[in-house]
Amino acid sequence: KNEVEQSPQNLTAQEGEFITINCSYSVGISALHWLQQHPGGGIVSLFMLSSGKKKHGRLIATINIQEKHSSLHITASHPRDSAVYICAPSGTYKYIFGTGTRLKVLA
Amino acid sequence: GAVVSQHPSWVICKSGTSVKIECRSLDFQATTMFWYRQFPKQSLMLMATSNEGSKATYEQGVEKDKFLINHASLTLSTLTVTSAHPEDSSFYICSARDRRDGETQYFGPGTRLLVL
């Protein structure tokens with residue numbers, strides 16, 4: 001069993017839909033990161049969470065430390081949100097990467 | 001802020017040659033830089049952790065003599081793939097940790113290496 005599990009692995013949505021990506025982890029962590037990898041390969045850090053909830057624009061990330069679970073929500077999805085979303089818990093500064101969720105938003 | 005650059009963005013080389021990839025933090029000091037490789041449709045795999053002024057720490061299974069890492073300053077780390085072979089063809093990404101910013105890593109745009 002992987003230390004970090006993401007679901008779904010692939011997701012196709014229509015523009016405007018509300019999207020949720022889930023991440024479960026089995027290791028002890030000090031923080032959890034959500035990353036976005038664009039088709040060209042570049043990676044952007046979206047959030048770093050250690051508790052609760054964070055919001056940035058149309059993106060919302062939550063974490064439940066006791067349940068070792070985090071979710072990334074995208075409201076009013078847009079084709080430009082198409083990317084791979086990666087959950088990466090961290091401890092002692094190293095990231096442990098999930099397998100990623102490949103999101104495609106259709107116009 | 002927190003921009004990391006990589007150079008080159010892509011490189012094609014002949015088998016047996018060595019390739020150097022640079023990773024720079026442009027607007028912050030990075031005491032720690034990380035080197036990853038990524039195969040198509042797979043997750044990032046940590047190769048090594050590079051600390052300024054000291055030897056890099058390599059992950060299990062990564063040959064230190066094959067992948068030479070130098071972190072000579074607070075803004076520059078280099079990865080040299082020595083005697084490259086076709087199986088070294090991959091996407092190499094670096095990231096840098098801003099010591100003022102806790103655990104967040106800032107990622108470079110990546111370097112695509114194709115060894116013929």
Side-chain angles (χ1 to χ4, degrees), chain A residues 1-11 21 23-25 27-51 54 56 59 61 63 65 70 82-104, chain B residues 1-11 21 23 25 28 30-52 56-60 62 89-114:
Chain A
K1 192 179 190 304
N2 292 332
E3 293 176 305
V4 184
E5 297 274 357
Q6 280 185 241
S7 63
Q9 291 188 352
N10 295 283
L11 180 58
I21 299 170
C23 173
S24 296
Y25 54 93
V27 294
I29 67 169
S30 51
L32 183 140
H33 307 260
W34 280 101
L35 310 172
Q36 180 191 53
Q37 186 169 29
H38 292 284
I43 294 175
V44 175
S45 293
L46 299 175
F47 293 103
M48 182 183 77
L49 293 163
S50 52
S51 65
K54 284 190 176 179
H56 181 71
L59 302 178
I63 188 168
I65 296 291
S70 178
S82 298
V84 176
Y85 292 84
I86 304 168
C87 165
S90 67
T92 61
Y93 308 115
K94 281 188 183 179
Y95 285 14
I96 305 167
F97 293 93
T99 50
T101 295
R102 195 170 297 270
L103 171 66
K104 187 170 186 178
Chain B
V3 177
V4 175
S5 70
Q6 268 184 255
H7 178 79
S9 55
W10 60 270
V11 58
I21 302 169
C23 177
S25 57
F28 65 98
T31 49
T32 306
M33 288 183 169
F34 303 87
W35 287 96
Y36 301 91
R37 67 188 295 182
Q38 185 180 35
F39 293 106
K41 305 241 173 136
Q42 292 189 24
S43 191
L44 284 80
M45 184 193 80
L46 179 64
M47 299 174 68
T49 303
S50 166
N51 292 297
E52 186 264 338
T57 302
Y58 290 81
E59 295 299 302
Q60 193 172 10
V62 178
S89 299
S90 189
F91 187 56
Y92 293 87
I93 310 173
C94 73
S95 71
R97 188 173 71 87
D98 184 343
R99 59 182 172 183
R100 303 165 302 173
D101 214 3
E103 296 192 22
T104 300
Q105 294 181 26
Y106 298 96
F107 290 83
T111 297
R112 294 198 183 277
L113 171 63
L114 177 61

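Sequence lines set the chain letters: A, B, ... in the order given, protein chains first and strands last, and positions in each chain run from 1.
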Exercise. Could you grab the distance from atom CZ of A:Phe97 to atom CD of B:Gln38, nearest 0.5 Å is fine?
Key: 9.0 Å
Quiz prompt | Donor-acceptor under 3.5 Å (A:Tyr95 side chain, B:Gln105 main chain) | solution = yes
Quiz item: Of all of A:Ser30, A:Ala88, A:Gly42, which one pairs up most often with chain B through heavy atoms under 4.5 Å apart?
Solution: A:Ser30
Practice problem: Pick one of side chain, backbone, both or neither for A:Ile86, based on which atoms fall under 4.5 Å of a heavy atom in chain B. | Solution: side chain
Quiz item: When you measure from the side chain of B:Ser43 to the backbone N and O of A:Gly98, does any donor-acceptor pair fall under 3.5 Å?
Solution: yes
Practice problem: Supply the atom-to-atom distance B:Phe107 CZ to A:Gln36 CD, rounded to the nearest 0.5 angstrom. | Solution: 12.5 Å
Practice problem: Count the heavy atoms belonging to other residues, nucleotides or ligands that lie under 6.0 Å from CD of B:Glu59, then report whether that count exceeds 12. | Solution: yes
Quiz item: Does any non-hydrogen side-chain atom of A:Thr99 lie less than 4.5 Å from one of B:Lys41?
Solution: no
Quiz item: If you draw a 6.0 Å radius around NE2 in A:His38, do more than 12 non-hydrogen atoms from other residues or ligands fall strictly inside?
Solution: yes
Quiz item: Which region of A:Ser45, side chain (C-beta onward) or backbone (N, CA, C, O), has a non-hydrogen atom less than 4.5 Å from a non-hydrogen atom of chain B, or is it both or neither?
Solution: side chain
Quiz item: How long is the gap from OG1 on B:Thr32 to NZ on A:Lys94, to the nearest 0.5 Å?
Solution: 11.0 Å
Quiz item: Heavy atoms, side chains only, cut-off 4.5 Å: are B:Leu44 and A:Ile43 in contact?
Solution: yes
